[in-house]
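Let me begin by presenting the structure, written as structure tokens, before commenting on it.
Naming convention: chains lettered A, B, ... in sequence-line order (proteins, then strands); numbering from 1 in each chain.
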There are 2 protein chains.
Amino acid sequence: MSKASREKKRDPKASLTLLWGEQEQPRRGPKPSLTAERIVAGAVAIADAEGLDAVSMQRVAADLGVTTMALYRYFPGKAELTDLMVDSALGVPSEAVAEAHGWRAGLTEWARQCWALYRRHPWILTATAMRRQLMGPNQLAWLDAALNALAPAGLTAAQQHDTVLLIIGHIRSLAQQLVHADEEGNEEWNRLAGEVLERHGHRFPALAAAIAAGAFDPHGGDPLDFGLDRILDGIAHLIDHP
Amino acid sequence: MSKASREKKRDPKASLTLLWGEQEQPRRGPKPSLTAERIVAGAVAIADAEGLDAVSMQRVAADLGVTTMALYRYFPGKAELTDLMVDSALGVPSEAVAEAHGWRAGLTEWARQCWALYRRHPWILTATAMRRQLMGPNQLAWLDAALNALAPAGLTAAQQHDTVLLIIGHIRSLAQQLVHADEEGNEEWNRLAGEVLERHGHRFPALAAAIAAGAFDPHGGDPLDFGLDRILDGIAHLIDHP
DNA sequence: CAGAACTGTGTATCGGATACGCAATTGAGT
DNA sequence: ACTCAATTGCGTATCCGATACACAGTTCTG
């Protein structure tokens, strides 16, 4: 599903200018019939409904009733539109994070909200995969909330940073794995996997044993929890034994 | 950098057949001038040298001295070629994992090898992002090695599974973040980030404090270690307090 | 030896991103 | 008000990647 073709490199400078609304308003010329915000909102709606692949410049423009090239009056290219889509979809974490008592409760709440966000807009994962994260307002708000929750733990600045990154990584990785779990062809995949294991499982004894013991059966409970609990236990251990 | 355009859905059945070499050999017709293996090797070489975006059917074919369409005699489509590239690049973990003493040493060794692999072939991250993992021989070998290392820990099957997924997630997420760290435009990005924070940092007090305390300064040591140590501490805690 | 099963190739189609130039619109300075 | 430069939306054209299709040559099977 990935392609590279006719795409310019992204222009972080331009994205940042757009993200922080630091553009000079043009003084002359026709009134723009759109705004960057409306375009972004339209693009996000498409991505939410049909996935990121459905977001083409043509499609976004058509939904807004303009031609493709009109969009280029608002963004240098698709990369910048995507950057704005991401920050827009991120939104800001709720107050519940700051109101939680103690670093562990705060981080847990933060992680749950982040998790819900990625489950709601799974295309964010694709849009931000393998590219440097841009410092948009909402991106920074999430980061700030996590660091704020972690502050009372008494870790060094570097440890705080690493901790947040570790938790984000867990959330993103899990969200990525679970995107497919709800999908249609799921039965088919499981059936094929079963066949493969039946035919070749003997070459992988530990794996075969784990499967026989039900390691791959769906087990109840939020899948986020196992990893999150382990990580937070590890952080707690670090705090107690620096 | 992502595109969806003229791409068929991938055919897991076909990929699995290719991955496990379960194809019947044709009895009649001209000798094939290529093999699936050679095509995959060529494609991997391109991806290693120039990134996954450089791997187009045209490019792979040209490098092998055939026309684009010739490749379609070996793979139903690009998706299947990509699946094979991934399993091929994965290789198998070394013996050092199985020889390690204790689950923690084994998992640590496993994680280091996995990490090195992703650092060597970062395009694997892109190729496997947001898609269900196919059960190729090497994929299963890695999984088997991890489960084998974890076996003496005495966790339940489900916990073993979740643990391995947690560690893979950490490795992949970190590898993804660090892909850019070595790149050229890095200075530029940091400069831009600095400017943004100077202008808007006051809105994010915890973040500003962390930065002031040097949280984002590069610190020595393998970046894999912090998260890995925390996770393994968490697992150890789970083992001690089930 | 005929014909079926295959192979590599040439050609064509279908998107997608985006460069370029035009005509209509509108505010600033006269 | 009037002129013009700045700016907008638009039509058109280009480039590129994936892949469908049909053809001609190749090689076993019966």
Side-chain angles (χ1 to χ4, degrees), chain A residues 1-11 14 23-36 38-39 42-43 46-47 50-83 85 126-127, chain B residues 1-11 14-15 23-36 38-39 42-43 46-47 50-85 126-127:
Chain A
M1 299 295 139
S2 216
K3 53 274 134 90
S5 41
R6 295 296 66 223
E7 291 165 29
K8 279 187 338 189
K9 285 206 198 92
R10 83 207 250 243
D11 179 352
Q23 310 209 74
E24 321 125 24
Q25 295 302 313
R27 299 231 144 275
R28 279 180 269 191
K31 316 269 186 206
S33 59
L34 297 170
T35 61
R38 291 203 12 191
I39 299 173
I46 296 171
E50 300 170 49
L52 195 60
D53 283 347
V55 179
S56 69
M57 297 302 267
Q58 0 266 312
R59 176 65 193 285
V60 173
D63 278 18
L64 293 168
V66 296
T67 59
T68 307
M69 292 312 292
L71 302 184
Y72 287 86
R73 297 290 179 193
Y74 299 85
F75 306 96
K78 191 184 183 180
E80 289 73 30
L81 171 58
T82 306
D83 285 338
M85 287 174 64
T126 310
Chain B
M1 299 295 141
S2 216
K3 54 277 132 87
S5 41
R6 293 299 64 225
E7 290 166 32
K8 279 189 338 191
K9 284 206 199 94
R10 89 208 245 243
D11 178 353
S15 289
Q23 308 211 72
E24 319 123 27
Q25 297 301 314
R27 300 231 142 275
R28 280 180 267 194
K31 317 269 186 205
S33 58
L34 297 169
T35 62
R38 291 201 13 185
I39 299 173
I46 296 171
E50 301 170 49
L52 194 61
D53 284 346
V55 179
S56 69
M57 296 303 266
Q58 359 266 311
R59 175 64 192 285
V60 173
D63 278 17
L64 292 168
V66 296
T67 59
T68 307
M69 293 311 293
L71 301 185
Y72 287 87
R73 297 290 179 195
Y74 299 84
F75 306 97
K78 191 184 183 182
E80 289 73 30
L81 171 57
T82 306
D83 284 339
L84 279 264
M85 288 174 62
T126 310

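Atom pair A:Tyr74:OH and C:dT18:P shows a separation of 18 Å (rounding to whole Å applied). For the pair B:Gln58 CD and C:dA12 P, the computed distance is 16 Å after rounding to whole Å. Whole-Å rounding puts the A:Asp53 CG to D:dG17 P distance at 18 Å. One interatomic measurement links the two molecules: CZ of A:Arg73 to P of C:dA23, which rounds to 15 Å at whole-angstrom precision. Straight-line distance from the NZ atom of A:Lys8 to the P atom of D:dC16: 17 Å, rounded to whole Å. Rounded to whole Å, the distance from NZ on A:Lys9 to C1' on C:dT18 is 16 Å. As rounded to whole Å, 19 Å separates atom C1' of C:dC22 from atom OH of A:Tyr72. In this entry the distance linking CD1 of A:Ile39 with P of D:dT8 reads 11 Å, nearest Å.
Identified under the side-chain hydrogen bond (donor to acceptor under 3.5 Å, both in side chains) test for residues 54-63 of chain B, with sequence neighbours left out: B:Glu50-B:Arg59, B:Arg59-B:Asp63.
Phosphate proximity of D:dT8 to A:Ser33: absent, as no side-chain N or O sits under 4.0 Å from OP1 or OP2.
From A:Ser33, atom OG reaches atom CZ of A:Arg38 across 7.5 Å, with rounding to the nearest 0.5 Å. Between A:Thr82 atom OG1 and A:Phe75 atom CZ the span is 9.5 Å, to the nearest 0.5 Å. With values rounded to the nearest 0.5 angstrom, B:Ile39 atom CD1 is found 8.0 Å from B:Met57 atom CE.
Where B:Gln25 and A:Ser56 meet DNA chain C, the nucleotide closest to each residue was compared, and B:Gln25 sits on the side nearer the 5' end.
Residues satisfying the side-chain hydrogen bond (donor to acceptor under 3.5 Å, both in side chains) criterion with B:Ser15, sequence neighbours excluded, are B:Asp83. Judged as a side chain to side chain contact (heavy atoms under 4.5 Å, CB included), and not counting sequence neighbours, the contacts of A:Pro76 are A:Lys8, A:Ala14, A:Leu18, A:Glu80.
Within the nucleic acid shown, A:Phe75 has no heavy atom closer than 4.0 Å to any nucleic acid atom.
Proximity of a side-chain donor or acceptor of A:Lys78 to a complementary backbone N or O of A:Val55 within less than 3.5 Å is detected.
Residues from residues 60-71 of chain B with heavy atoms under 4.0 angstrom of DNA chain D, sorted by number: B:Thr68, B:Met69.
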Once base and sugar-phosphate atoms are separated, protein heavy atoms under 4.0 Å mark nucleotides 24-30 of chain C, 5' to 3', with B, S and - as -BBB---

Tabulate below the donor-acceptor pairs under 3.5 Å that side-chain atoms of residues 64-72 of chain A make, not counting sequence neighbours, or state none.
none

Open item on the list: What verdict does the side-chain contact (heavy atoms from CB on, under 4.5 Å) test give for A:Leu52 and A:Met85, after you've listed the backbone C-alpha separation in whole Å, the side-chain angles of each residue and the deciding distance to 0.1 Å?
Closed with: CA-CA 10 Å; A:Leu52 195 60; A:Met85 287 174 64; 4.1 Å; yes

